[in-house]
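Here, residue 1 is the first one in the sequence, and each next residue gets the next number. Values in this document were obtained by computation on a predicted structure and should not be read as measured data. Whatever order the structure lists them in is the order used to number ligands and atoms, beginning at 1.
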Amino acid sequence: MAEEEEVKLLGLWSSPFSCRIEMALKLKGVPYKYLEEDLENKSPLLLQLNPVHKKIPVFVHNGKPIAESLVILDYIDETWKHNPILPQDPYERAMARFWARFIDEQVLLTGLKIVAQTGREREAAVEATRDLVKFLEKELKGKDFFGGESFGYLDMVATLVAFWLMRSDDLVGVEVLPEEKFPEIHRWVKKLSEIPVVKECVPPKDKHVQYLRARLERIKSA
Ligand SMILES: N[C@@H](CCC(=O)N[C@@H](CS)C(=O)NCC(=O)O)C(=O)O
């Protein structure tokens with residue numbers, strides 16, 4: 001990497017989206033400056049760099065900002081080509097992007113309803129989430145990781161399922177993805193937990209669950 005390159009990440013320790021970016025940068029060994037955001041009191045820099053969504057993560061390369069984690073992951077993989085995170089085969093690459101969008105658009109939105117709803121609606125959201133995650137369970141059959149033998153792009157994206165969706169069990173008192181129904185997912189989570197960049201970037205469980213609980217309380221009382 002050229003000496004004058006400047007890489008910054010505006011993130012949040014508890015965010016699955018900023019966690020993805022940190023994992024990619026660490027895997028590639030790209031040094032970066034991390035700026036923690038307070039979403040209750042967004043910095044002028046965040047509002048200036050991401051005026052459209054006003055969300056983290058924002059990645060800044062030599063002064064040029066990029067928002068949206070999936071877009072950022074593509075950019076990082078294209079800019080620092082060593083240790084590729086996306087599959088090299090164009091079809092495999094398209095499929096990885098397809099499932100990444102599926103996770104962010106469908107699994108996430110349905111999973112959020114589990115926490116937001118109660119009673120019958122919550123039960124329906126749990127069932128709907130299980131139906132979606134069954135597709136991911138199928139994708140993992142016979143593989144250690146979504147990318148095959150090694151940890152890659154889709155595994156980074158899907159940490160949202162492993163460490164955010166599955167941790168919401170503690171908030172709602174329902175095991176959304178029980179091992180007997182999702183053996184492949186559970187096997188994959190164990191493998192993931194052994195990956196050094198995952199250990200470095202995923203928030204520690206107790207602190208994270210406490211944070212999610214407090215956030216849920218704030219949302220409920222708002
Ligand atoms: N689609 C976005 C989602 C990013 C996102 O939802 N970030 C949250 C934190 S986890 C945020 O900044 N929320 C601030 C807000 O909604 O005001 C991505 O992939 O980067």
Open item on the list: Can you pull out every side-chain hydrogen bond (donor to acceptor under 3.5 Å, both in side chains) where at least one residue sits in residues 14-23? Sequence neighbours excluded, please.
Closed with: S14-Y211, R20-S69, R20-D104, E22-Y32
Task: Cation-pi geometry met for K207 and W13 (6.0 Å, 45°) - done: yes
Task: With I185, the side-chain contact (heavy atoms from CB on, under 4.5 Å) member among K134, E179, M166 - done: M166
- [ ] For ligand 1, would you mind listing the residues that have at least one heavy atom less than 4.0 Å away, ordered by chain and number?
- [x] S15, F17, L39, K42, K55, I56, P57, E68, S69
- [ ] Kindly state each residue pair satisfying side-chain hydrogen bond (donor to acceptor under 3.5 Å, both in side chains) with at least one member in residues 167-178, sequence neighbours excluded.
- [x] R167-H208
TODO: Check side chain to side chain contact (heavy atoms under 4.5 Å, CB included) between E92 and all other residues, then give those that pass, not counting sequence neighbours.
DONE: P87, D89
Task: Rounded distance [0.5 Å steps], CD1 in I76 versus CZ in F59 - done: 4.0 Å
